[in-house]
Structure formats: C-alpha cells, structure tokens
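All heavy atoms count here, side chains included; hydrogens, waters and symmetry mates do not. One-based numbering, in listed order, for ligands and for the atoms of each.
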Amino acid sequence: MKFSILALGSAISVHAAVLGKKATYAVVGKPEGFGTGTTGGGSAACAIPASVSELKTWLTDSVARCIVLDKEYNFKGTEGTTTATGCRPASNKCPGAGGQDAINMASWCTNGNAGAGVTSISVTYDTAGVSGINVGSNKSIIGVGSKGVIRGKGLRMANGAKNVIIQNIHITELNPQYIWGGDAITVDGSDLIWIDHCKISLIGRQMFVAGTGASNRVTISNTEFDGQTSWSATCDNHHYWAIYLTGSSDLITMKNNYIHHTSGRSPKVGGNSLVHAVNNYWYANSGHAFDNGAGGKVVAEGNVFQNVVTPLLANSGSFFGSPSTSANAVCSTNLGHVCQLNAFGSSGALGGTDTAFLTNFNGKSVATASAASSNIASLAGVGKI
Ligand SMILES: *[C@@H]1O[C@H](CO)[C@@H](O)[C@H](O)[C@H]1NC(C)=O
C-alpha cells in the first residue's frame, strides 16, 4: 500500500515535468471596453527572464513576447543613486513626520509649482526609479500567483508602442519619499494597452499617467491602487498622485479597480480624454477622487465611493455622474445600456449631469456595467486570478 502511494506520487511529478511550465502560463481573459482587441504577445511562447537585465532586454526589444515574472525583479541600485538639489515644497507641512519632499524634475521646484515658501534641500534617490522601462510593442507581461513584483522601476508604453498587456504584476517602491520619484505605469503615444489585476504601491509620483501624447485605446481593470504611504504630499499617509489622464486623444476604460487611501488625482482628467469609470471602488480617500479639467469627458457609473471626502473636486470638462434612474436612461443610445447608479457611504456628492458628450461613446467598444458593489476590494489586485 505504502509502495503504491509513492508510485502514484512520482507519476504525478513526472507528468508535470513533461507538460513543462510553458503550458501553465497565459494571459487570463480578455480586455473589456476601449482596450478591446489588445492581444499583447499573442501566441508567443511564455518565458521567465533570469535577471533584471534580461527582463529589461525582453521588454524593450521588438520581438513579440510573453514575459512571465515568478519572482521579484529588483531594479533598486541597478543605476546607482543620485544626490542633487531638490526642495521642500509648500505642501510639505510635516517635514520629517510623513511629508513628501521633491526632486527638481522639469524645474518643478523653481517654476512656482512647489508653492510659496519652498526651500532648497539636498535629495538622494534611487536613479532607476525616475525613468520607466520603454516597453516595445506586442508584449504580455504576466505574474505567477502573487509573486510577480517589479521593485524600483516603472513601465512606460510610449512613442508608438502598441498592443501591451500587463497582468497580475505588482509595481512598487519608486522613491516614494519624493515627488517626481517615479511613475509606475506611463502611456504616452501608444495604442491598445491593457492593465489588469495589477497592484501599484509606494510610488513617488503617478501610479498611472497618460502623458500628453495620444494614447488611444486603454483599459485598466481589476487593479489595486494602494495609496498607503509614510510620505504623503497631504501629510496624512495617503498618496496624492494617483491617476493622471490628460492625453491628447485617449479613450480610457477604468473597470473594477480598487483605489484606496489616496488623497487626490484619483483621477485627474483633462486634455482630450474620454473616460468610462465603471464599477470601481474608491475607499478611504482623504481628498478628492475626480478632478475633471477642460477637455475631460467622463462617465462614472456603478462605482462605490466609501469614505471619499470629495468624489468630484471640479468639473470644467464634461461629466456624467449617473445621478438617477430616470436620468441614466440617456446612456442607452451611445453606451448600449442604462447607466448604473453610483453608491455612496460617508462620502461627498459626485454630481455631474452633462450628457451632450455621450455621443463620443457611439461606435466604440464600451464596457458593460453592473450594480455598484464593494466586493471589488477583494477581487482587484495581484494573486486573484
Ligand atoms: C506587432 O504585431 C503586429 C501584428 O502581428 C505587427 O504588424 C507589428 O509589426 C508588430 N510590431 C512590432 C514592433 O514588432
């Protein structure tokens, strides 16, 4: 009896070895909404980079790839450290006690943006964090369980990069103590980008940024934006610089994301961005969620705002906040469904009754909407697929 159990055990391990790891790894599911059609590395065989340098090579080359991360890739220290003159901006009213100082990127410390009373200080930061890896076209980057971590460097799809999937990856620790310490995920002149089931934490600057270049079709889904930090521009352990969407021609679907412990820009919208924010869960936001500038066009439906002080800071663009069942019927013509009500707990009001811009959704791939649910908190992020 004992013998036969052992025999069975070896048979199972041999079987697994014969199957090999390649068969195990694949992108799970398909993007919904504007990023529909993103295929990433397509049918390219999946492989695990042996080192940070191999990961960088595979991300940046012009070969269609499925890149599997089954461990942490730590870029901290790979480009050394930089010591330079930065500043203590006006926003840092709690120096040494949970505030965020700044690197002088793009003369931010000296051009007035750092506010009145800004002082120069010396800053030392990890050089790798301040510039993202320029990802090439046709890539799938997928994590195994909750093990796929990129520490100390962001990913950047820019200058014509097309068709990239980032799924189940945790990006963390980009000089979180400094404003301008680094952006986790950047799109800036791209098309067909799908960010899914990722987690982003401890970032100096933006967790997600769509730069001014046209980034066309983007879906951000099932992703956890974790703003808990010991270095907060608002001095309250909440990250201010969360999501920035000001591209010149961007279609961005945000669905089923969990955005928590932030204090602003969650998201800031402007440029010429059409944003469909559906079934997301905002939790414990000490400042504002949306800040909709000129050119920002937002439909927010089926979301939960729980402990969000200001769901919509300002609207100088167009914003439809799905205010009532009768008003929400207007969505049918262009979004293909009646918009879902948002839900609020211990939060301010959202507002937003603009409807003329809804025609922008006409003919596009529009994500479906469910009733608002806070279950998103347990479904979004890494290790959940
Ligand atoms: C990406 O894949 C598409 C479709 O196969 C192909 O046309 C394009 O040239 C690829 N891009 C690069 C940079 O390899």
Problem - Any side-chain donor near an acceptor of the partner, Ser266 and Trp282, under 3.5 Å - result: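 Absent: no donor and acceptor within the cut-off.
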Give a yes or no on whether [atom] lies under 4.0 Å from any heavy atom of the protein.
| atom | value |
| --- | --- |
| atom 5 (O) of ligand 1 | no |
| atom 1 (C) of ligand 1 | yes |
| atom 11 (N) of ligand 1 | yes |

Problem - Test of ring centre spacing under 6.0 Å for Phe225 and His239 - result: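 Judged by ring-centre distance (under 6.0 Å), Phe225 and His239 do not meet the cut-off.
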Handout entry: Numbered atoms of ligand 1 (with element) below 4.0 Å of Ser62, judged on heavy atoms
Key =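 Near Ser62, the atoms of ligand 1 are 14 (O).
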Handout entry: contact_flag Gly136 ligand 1 heavy-atom lt 4.0 Å
Key =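 Gly136: no contact with ligand 1 (<4.0 Å).
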Problem - Any N or O of Asn138 closer than 3.5 Å to N or O of ligand 1 - result: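 Indeed, backbone or side chain, Asn138 has an N or O that close.
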Exercise for the section: Please list all pairs passing the ring-ring contact (aromatic ring centres under 6.0 Å, His included) test where one or both residues lie in residues 33-52, with sequence neighbours left out. Expected result: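 Those involving residues 33-52 are Phe34-Phe361.
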Practice task
Give the residue, atom name and distance (to 0.1 Å) of the protein heavy atom nearest atom 13 (C) of ligand 1.
Solution key: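 The answer is Ser137 CB, 3.8 Å.
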Practice task
Please test Tyr244 against Phe208 for ring pair (Phe, Tyr, Trp, His ring centres under 6.0 Å), starting from the C-alpha separation and ending with a verdict.
Solution key: CA-CA 6 Å; Tyr244 193 86; Phe208 180 89; over 10 Å; no
Problem - Electrostatic pair Lys56-Glu79, nearest N-O below 4.0 angstrom - result: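 Between Glu79 and Lys56 there is a salt bridge, with a charged N closer than 4.0 Å to a carboxylate O.
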Problem - Short N-O contact, Arg217 and Asp191, less than 4.0 angstrom - result: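 Yes, Arg217 and Asp191 are salt-bridged.
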